[in-house]
Structures are given as structure tokens and as C-alpha cells.
Amino acid sequence: MFLTIAGIINAFGVTIFLSPVKLYDSGISGTAMLLSQITPEAFGLSLFLVVLNIPLFLYGLKKQGAPFTIYAIYTVLIYSVSAWLIIDVLPVDVSFASPLAGSDLLLCALFGGLISGLGSGLAIRFGGAMDGIEVMAVIFAKRMGMSVGTFVMAYNILLYIACGIVIKSWILPLYSIVTYMAALKMVDAIVEGFDRAKSVYIVTTQPDAVCEILSKTFEQGITIIGAQGYYSGAECKVVWVVLNRFQISKMRDLVHDVDPKAYITIYDVADVFKLDTAAS
């Protein structure tokens, strides 16, 4: 169900905001948009999405596994069919301007990126993918001595350069970078959560008092880790607790009231999973 929703959302963002004003999505989707603009009308966006994406997913079958490949191909098919319905079937005119944002390139870039990023994020969150370039990144990035993110970024840079050369203008490719950044932020938010938890490490010489006040205030599970100062050699404890961002300020005040010399470090946490001990 969520992969179906993801494909429809992505198609809506691309066909309603990006394609009408000839802005480009990232990855294979952006490549399909460019090819659909420079080939005969019979070769539309929907066709290129299928022709370019599915072989890449099948190529990565061994690396990614059958469930991921099936989910990804299904999502791309939903994306492709939805794009075809919006462009060719539904009574929506997307031939020269966005039905919602007109010809405003900035609005189209931002909302097109955010909406298509929402679709891509949902696809990743629920075990699929919207773009075959990510599969190629997983397979080839390490061989080329770069990270997956760097591989995808390099591909998109080359794509936007190619777009500028083909259409002989850099305005649309530059706005497309805005689309890419908006989509990237939305994907991160969906995959990792809008409100990330915070992992808090507290180095203190009064762990019992710190744990007591934190447990009483936030009613959270707390872990105590044994530690030793490198220079002083003194024994100390590290208190570890996961809180939400609204609790951080109060936590800091409570800890420093108990131990003014406590050393606190805070990290973002993408996901928190709690084991159901009763079920196990």
C-alpha cells in the first residue's frame, strides 16, 4: 500500500511541478525527463522510466536481493503508470505550465523537489526504491573509491551538465539543483524521521544521582558504562540515555545541578527500536 502511495506521490510531484516547466528530477528520473524532451512524442516519460529503471534493478538483483528488487520494480511501475495517467488521460493541462504553480520556476523547483522526495522517501522507508541509480551506486561506488552518496551526486552533476548542453541554457539545470536539494532533505526526513531522537552521553563522577534525577524526570531507560580518564586515570561512569529534542535543555540543567563538572555529548539518532522482552 505504501509503495503504491509512494509511486503516485512521486509522479504527482514530477508531472505537476517539474515536467511542465522542463525542470529535471535527479537520477534516472531526471534522465528519463531529458530523453522524453529530445525524442519523438511517442517516447514519453513513462516509457523511459520503465526502460531505464527496470534493467538496473534486475542487474542489482544478486546484490540487493529479490524482495527489494520486486518492491522497487513495482514502485517504478506505479510511478510510470501514474505519470502516464496524469499527462495523457486525466483532464489536467501540463503541456506548458504547472497547474498549481504556473511558470514560477522557484515554486516548481521547491514543491516538485519536496513532493517527489516524499515519494522517494516513502519508497525507501518501506523497502523499495524509486531510482535505479541508487542500485548502481551500491554496486560500483566502492569499486570506484567513493561513497554511495558521492556516486549519486556525481551522476546528478553530470546529468545537469548534459541538460545544460542539450538545451543550450543553464537556467533550468541550476533550478533543477534546487529541486535535487529539496528532494534530498525530504528523503532524509522521511527515512530518518522528522523528529530525530538524541543520544546523550554524560561523563560524571556522580552517576547514581544523575540517573535518579533523569529517571524520575523523563521516565526513560538509562545505561551506566564504566570508564576511566586518560590523563588522570580516575575511575568514572558514563550515563547513556536517549531523549527527544524537547528534553535536551532540561536534561542539561538537571545534570549540571547535580554535577557541575559533568561532560555531556549529544548525537542524532535515526531510529530507536525497543525489544519486547515479554514477547521474546
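The side chain to side chain contact (heavy atoms under 4.5 Å, CB included) test with Phe48 is passed by exactly one of Leu34, Thr39, Ile28: Thr39.
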Test side-chain hydrogen bond (donor to acceptor under 3.5 Å, both in side chains) applied to Ser46 and Tyr79, step by step: CA-CA 8 Å; Ser46 301; Tyr79 174 19; over 6 Å; no
Step-by-step side chain to side chain contact (heavy atoms under 4.5 Å, CB included) determination, Ile16 to Val92: CA-CA 9 Å; Ile16 297 296; Val92 180; 4.1 Å; yes
Stepwise side chain to side chain contact (heavy atoms under 4.5 Å, CB included) check, Leu18 with Met33: CA-CA 9 Å; Leu18 302 181; Met33 295 171 73; 3.8 Å; yes
Side chain to side chain contact (heavy atoms under 4.5 Å, CB included) assessment of Ile202 paired with Val238: CA-CA 5 Å; Ile202 306 164; Val238 177; over 6 Å; no
Asn10 vs Ser120, side-chain hydrogen bond (donor to acceptor under 3.5 Å, both in side chains): CA-CA, chis, key distance, verdict: CA-CA 7 Å; Asn10 206 81; Ser120 297; 3.2 Å; yes
Test log, rule side chain to side chain contact (heavy atoms under 4.5 Å, CB included), inputs Thr205 and Lys261: CA-CA 9 Å; Thr205 56; Lys261 295 183 178 181; over 6 Å; no
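Taking hydrophobic clusters as Ile, Leu, Val, Met, Phe, Trp and Tyr residues chained together by side-chain heavy-atom distances below 4.5 Å, Ile8 does not share a cluster with Val81. Cluster annotation: Val239 is not connected to Val203 through the hydrophobic network of ILVMFWY side chains, with a link wherever side-chain heavy atoms come within less than 4.5 Å. Cluster membership for Leu77 and Ile70, using ILVMFWY side-chain heavy atoms within less than 4.5 angstrom, is not shared. Cluster annotation: Ile86 is connected to Leu114 through the hydrophobic network of ILVMFWY side chains, with a link wherever side-chain heavy atoms come within less than 4.5 Å. Put simply, Tyr71 and Ile5 are part of the same group of oily side chains (I, L, V, M, F, W, Y) that touch within less than 4.5 Å, one to the next.
Atom OG of residue Ser249 and atom CG of residue Leu243 lie 12.0 Å apart, to the nearest 0.5 angstrom. Atom OH of residue Tyr160 and atom CD1 of residue Ile165 lie 15.0 Å apart, to the nearest 0.5 angstrom. Summarising the geometry, atom CG belonging to Leu90 is positioned 9.5 Å from atom CH2 belonging to Trp84; distances are rounded to the nearest 0.5 Å. Note that the CG atom of Leu110 and the CD1 atom of Ile115 stand 10.5 Å from one another [nearest 0.5 Å]. Rounding to the nearest 0.5 Å places NZ of Lys22 at 8.0 Å from OH of Tyr24. Put simply, OG on Ser80 and CG on Leu85 are 9.5 Å apart, with the number rounded to the nearest 0.5 Å.
Taking the side chain as every heavy atom from C-beta outward, Tyr175 and Thr179 never approach each other to under 4.5 Å. For the pair Thr223/Ile225, a side-chain contact is recorded, criterion being any heavy-atom separation below 4.5 Å from C-beta on. Looking at Phe151 and Met136, their side chains come closer than 4.5 Å, going by heavy atoms from C-beta outward. Side-chain contact check for Met144 versus Thr150: every heavy-atom pair is 4.5 Å or farther apart. With contacts defined as side-chain heavy-atom distances shorter than 4.5 Å, the pair Ile171/Leu105 qualifies. With contacts defined as side-chain heavy-atom distances shorter than 4.5 Å, the pair Val258/Glu212 does not qualify. For the pair Lys198/Val269, no side-chain contact is recorded, criterion being any heavy-atom separation below 4.5 Å from C-beta on. Using a 4.5 Å heavy-atom threshold, the side chains of Trp170 and Ile161 count as touching.
In terms of heavy-atom proximity, Met130 sits nearest to Phe57 at C-CZ, 4.4 Å. Scanning all heavy atoms of the two residues, the minimum distance from Tyr201 to Ser199 falls at CE1-OG, 3.4 Å. When all heavy atoms of His256 and Ile264 are compared, the pair lying nearest together is NE2-CD1, 3.9 Å. Among all heavy-atom pairs drawn from Gly119 and Ile9, the shortest one is N-CG2, 3.7 Å. Nearest heavy atoms, Val76 versus Ala129: CG2-O, 4.3 Å. Contact detail for Ala66 and Leu61: the closest heavy-atom pair is CA-CD1, 3.7 Å.
Summarising the local packing, CG of Leu100 is surrounded by more than 12 heavy atoms from other residues, nucleotides or ligands at distances under 6.0 Å. Shown here is Gln37, whose CD atom has more than 12 heavy atoms of other residues, nucleotides or ligands within 6.0 Å. Within 6.0 Å of CZ on Phe111 lie no more than 12 heavy atoms contributed by other residues, nucleotides or ligands. Open room surrounds CD on Glu219; 12 or fewer heavy atoms of other groups in view lie less than 6.0 Å from it. Surrounding CH2 of Trp240 are at most 12 heavy atoms belonging to other residues, nucleotides or ligands under 6.0 Å away.
Judged by distance alone, the side chain of Ser98 and the main-chain N or O of Val94 form no donor-acceptor pair under 3.5 Å. The backbone N or O of Leu214 lies less than 3.5 Å from no partner atom in the side chain of Thr217, so there is not a single donor-acceptor pair. The backbone N or O of Ser29 lies less than 3.5 Å from a partner atom in the side chain of Asp131, making a donor-acceptor pair. Gln220 places no side-chain N or O within 3.5 Å of a backbone atom of Val241 that could act as its donor or acceptor partner. Gln228 contributes no side-chain N or O that, together with a main-chain N or O of Ala234, makes up a donor-acceptor pair within less than 3.5 Å. Counting only distance, with no hydrogens or angles, the side chain of Asn156 and the backbone of Gly27 share a donor-acceptor pair below 3.5 Å. A donor-acceptor pair is defined here as one N or O able to donate and one able to accept, closer than 3.5 Å; such a pair exists between the side chain of Ser116 and the backbone of Gly112.
Considering only residues two or more places apart in sequence or on other chains, Phe43 meets the ring pair (Phe, Tyr, Trp, His ring centres under 6.0 Å) condition with none of them. Residues passing the ring pair (Phe, Tyr, Trp, His ring centres under 6.0 Å) test with Tyr263, sequence neighbours excluded: none.
No donor-acceptor contact under 3.5 angstrom links the side chains of Tyr155 and Ser26, judged on distance only.
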